[in-house]
Student: 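Quick one: the structure is below, and I'll ask about it shortly.
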Amino acid sequence: MPDEFKKLFETGRIGNMVLRNRFALAPAGTHSCEPDGRYTQRTIDYYADRARGGTALVILEGHKVEVKLEPRAGFVVSAHSDEYVPAMVEMVEAIHSYGGKACIQLQTNMGRENFGIYTQDNPPISASAVPAYWNPNILCRPLEAEEIQEIVKAFGAACQRALKAGFDAIEIHAHTGYLLDQFMSSLWNKRTDEYGGDFDGRMRFTAEIIREARKVVGLDYPLIFRYSADQKYPGGRDIAESQKIAKRLEALSVSALHVDAGIYESIYWAAPPNYLGDAPLIDTIAEIKKAVNIPVIAVGSLTPETAEAALRDGKCDFVAFTRQLLADVDMPNKLYEGHPEDVRPCIRCNEFCIGHVFGGKIVTCGLTPEAGNEMNNKITPSEKQKNIVVVGGGCGGMEAARVAALRGHKVTLFEKSGELGGLLGIIATPEFKKQLKKLIEWYKVQLSKSHIDIHLNTEITADSPELAEADHIIVAIGGNSMRPNIPGIDTENVIDVIDYHKGVKKINGKKVVVAGGGMSGCDAALELAMEGKQVTLVEMLDGVAKEVNHFTKMAINNILPEHGIKILTSHKVKEFRPDGVLIQAPEGVDMLIETDAVITSFGMNSKKEEAESIQNKYYDVRVIGDSAKPGRVGDAIRAAYFTTMHI
Ligand SMILES: Cc1cc2nc3c(=O)[nH]c(=O)nc-3n(C[C@H](O)[C@H](O)[C@H](O)COP(=O)(O)O)c2cc1C
C-alpha cells in the first residue's frame, strides 16, 4: 500500500464494529428492488460487489420502516415487515463473504418531499402544515402525537429485523429534509406541542427514535446518524445549530455521525455536480467533527486524494462515496495495490445514477455499465479473436477499443487529430470540467496498458485501405455543431461554441451573448463569466439545461445567476448583427442586445454521411456515440461498451 494513501487504509472503529479501512459506501437508492420493496438478486449483487472492491463499510440505501402513514412511492426497499428478513440475511452474508461490514439505513418517511400522488384531500404527512415540495399548492398534514409514536415503534421493530438479519450497524436517515429533518428544522416544524417549539421540542422525535433503537440494539451496537449540517437554504440551519445537534446526538448515545448538506430545495448539494468541485462539504463536516468525540463520516464528491487529506487533517474519521464507487467499485483495492492511475474518475454528471433513480430507472453509471447490473455486465473473453478497427478516438472510440482489447480482440484505433479525447478533450477547458480531463487521462493510461495499435493524425474514410482487413468496424467519429440558418450567423464576431473552446477566435470586448441554453451553452456562459465577461444567455425554450437531470439543472439555475449571468428564456434569436443580437421576446416584441461577441450553441448533428459511406461499403459496421445520435458522454461510452461486448 503506497504511503500517499496510508490513512485510508488504517483500521477504524464505530461502536463495537471494527472496520478494515476508512472507506464507506454512502447510501444510495438503487431502484433495483421488487415493487414491494424486497431485494432482488441484482440489489444483493450491487452491494456485495462494493465489499468485494475493498469498501469496509457498506451502507445500504434508505429502507422504509412503515408503509401505513406514508405508502411506498417508487422502488424503495423496505424493512417494515418480518417477511423482509430472509432476503436481508442473504444480503448480509453476501457482504460478509467479501470482508465488508453491512449497515442498513432506516428512514422514517419522506414527508413533504415524497413524490407520490397527493391531492388537497390526501396530502403528504409532515411536522406541520407546510407546502409539499413537489406541489406547493398542497399543504402537508401534521402528524398526530399518536402517529409519531407509531413511527417510533415501527423504527424499533425495523431495528429488531436488522439485528435478526445480522446487520453490523444501523444508520438513521435524517438528511436532505426527510421527515425527521422536517421535525428537527425550524424551516418546517411550526408545532406548538411537545414535538415542536424550541430546540428540545424539535429534537424530541429524533431522541425518541434513538432511545427506541438503543432499547433494541444495546449500548455498544453501531448506531449512525445521518443529517444535513448545512441545509443551503435561506432560514435553514446554520453551523452553530448543526454543532448543537451533533452534541445532542452524541449525548443521546449515537455512535457516529454521517454529515452532508442540502434539502430538496437545494438538492444538488446532496449529490454535488461538477460545478461544485472536489470535496465541497468537507469544511462544514470538519466543523461538526470539532463539536464531538464520536467518529464523523464525510461525504460529497470526494476523491482518493481529498479523502486522504481530510483524514490526515483530522476533518473526519471515515470517508463515504456513492458515485465514485459506481464509476469504479474497485477503487479501494486499486489504491491498496498501488495503482491510483487505474481508478476511473467519476465525472459527477449525475445522469445515470441519481438522474436514473429520480427518473424511475435503476441506478447505474454513464462510465461503467457494470454498476447496478453486476451479474450480467461483465467483460468476458471473446470465443474467437477478431480484427477490430475503431474509427475515432473520442470517449466512445476509446471505450470500444478498451473493451475489445480486454476481450482479447486485435484492435486498431484511428484518430484524425493528433490527440485522443475527441470533443471531450476540446470542451474540457474550464476548471469545473477537470473530471472530464481526468477521464481522458484514464483512458490514455488504460489504452497504453493494452495492446491497441493507435494511429493519430490518420483520417479514415470509406475508401481507406486500413478498413479492408477488419472483421468489425466501429465508427465513433462524433458530430458537428448545428449552424441554423439565422441571418448574420456568419458575422465575424459570431463564434461556434466548439471554436470558442478551441480558442480559434479571440473574444474582444466585455459583453458576450451565448445563444442556446442547453448544457453546452450554459457551461460556455459560466466559463465566460468566470473569465470576467458580462454574459447574457438566450434560450428559445422556457428553461435552460432542460435536457439534463434534476440535480444538475438546479445547480446550473442557481450557479449561473450567482456569476452575474443574465438568463433570457422563451427568447428567440432572429438575427445576428455586428453590434448585437436581435431577439424576439415572449410577447413577440423584438429587442436588440448589444454585444461584442456571440457564442452559438445550438446543439449537434451527427456525421451521418461519413458514417453511412463506411456502412455502405462494409458489412459489419457499428456506428456509435454522437456519430449515431448526439447525446451525453455516458450515452457514447455505454453504447461503445455494449456494442463491443457483443462482438
Ligand atoms: C443514486 C443516488 C441515490 C441516493 N440515495 C440516497 C439514500 O437512499 N439515502 C441517503 O442518505 N442518501 C442518498 N444519496 C446521497 C448519497 O448518499 C451521497 O451523499 C451523495 O451521492 C454524495 O456522495 P458522492 O459525491 O460520493 O456521490 C443518494 C445519491 C445517489 C447518487
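Every number for a ligand or one of its atoms is a count from 1 in the order of the listing. For the single chain, residues carry numbers from 1 onward in sequence order.
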Student: If we ignore angles and hydrogens, is there a donor and acceptor under 3.5 Å between the side chains of Glu399 and Tyr443?
Tutor: yes
Student: Assign the ring pair Phe358 / Tyr264 to parallel, tilted or perpendicular, where the plane angle (0 to 90°) is split at 30° and 60°.
Tutor: tilted
Student: Just go through His258, His173, Arg226 and tell me whose heavy atom is the nearest to atom 12 (N) of ligand 1.
Tutor: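 Ranked by closest heavy atom to atom 12 (N) of ligand 1, first place is Arg226.
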Student: Side chains of Glu562 and Asn558: is there a donor and an acceptor less than 3.5 Å apart?
Tutor: no
Student: Determine whether the aromatic ring centres of His175 and Trp269 lie less than 6.0 Å apart.
Tutor: no
Student: Only heavy atoms of Cys353, strictly under 4.0 Å: list the atoms of ligand 1 that pass.
Tutor: 1 (C)
Student: Does a side chain donor of either Arg42 or Ser32 reach within less than 3.5 Å of an acceptor in the other side chain?
Tutor: no
Student: Answer yes if the side chains of Arg323 and Ser301 hold a donor-acceptor pair under 3.5 Å, and no otherwise.
Tutor: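 The answer is yes; a qualifying pair exists.
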Student: Taking 4.0 angstrom as the limit, do Lys433 and Glu527 come out as a salt bridge?
Tutor: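 Between Glu527 and Lys433 there is no salt bridge, as every charged N stays at least 4.0 Å from the carboxylate O atoms.
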Student: May I ask you to list the atoms of ligand 1 that are less than 4.0 angstrom from any heavy atom of Phe321?
Tutor: 26 (O)
Student: What protein heavy atom is closest to atom 2 (C) of ligand 1, reported as residue, atom name and distance in Å?
Tutor: Ile354 CD1, 3.3 Å
Student: In the protein, which heavy atom is nearest to atom 23 (O) of ligand 1, and how far is it?
Tutor: Val299 CG2, 3.5 Å
Student: Of the protein's non-hydrogen atoms, which lies at the shortest distance from atom 14 (N) of ligand 1, and what is that distance?
Tutor: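 Looking only at protein heavy atoms, the one closest to atom 14 (N) of ligand 1 is Pro27 O, 3.2 Å.
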Student: If you measure from the Lys or Arg side-chain nitrogens to the Asp or Glu carboxylate oxygens, is any gap between Glu250 and Lys247 under 4.0 Å?
Tutor: no
Student: Quick check: Thr322 and ligand 1, any N/O pair under 3.5 Å apart?
Tutor: yes
Student: Is it the side chain, the backbone, both or neither of His175 that has a heavy atom closer than 4.0 Å to ligand 1?
Tutor: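 It is the side chain that gets close, since no backbone atom is under 4.0 Å.
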Student: So which heavy atom in the protein is nearest atom 27 (O) of ligand 1, and how far is it from that ligand atom?
Tutor: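 Of every protein heavy atom, Arg323 NE, 2.7 Å lies nearest to atom 27 (O) of ligand 1.
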Student: Which protein heavy atom lies closest to atom 9 (N) of ligand 1, and at what distance to 0.1 Å?
Tutor: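 That would be Gln105 OE1, 2.9 Å.
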Student: Cut-off 3.5 Å, side chains only: do Glu341 and His339 have a donor facing an acceptor?
Tutor: yes
Student: Any idea which of Ala271, Ala270, Ala26, Ala28 brings a heavy atom closest to atom 20 (C) of ligand 1?
Tutor: Ala270
Student: If the cut-off is 4.0 Å to any non-hydrogen atom of Gly62, which atoms of ligand 1 fall inside it?
Tutor: 8 (O)
Student: With respect to Gly29, determine whether any N or O atom, backbone or side chain, lies less than 3.5 Å from an N or O atom of ligand 1.
Tutor: yes
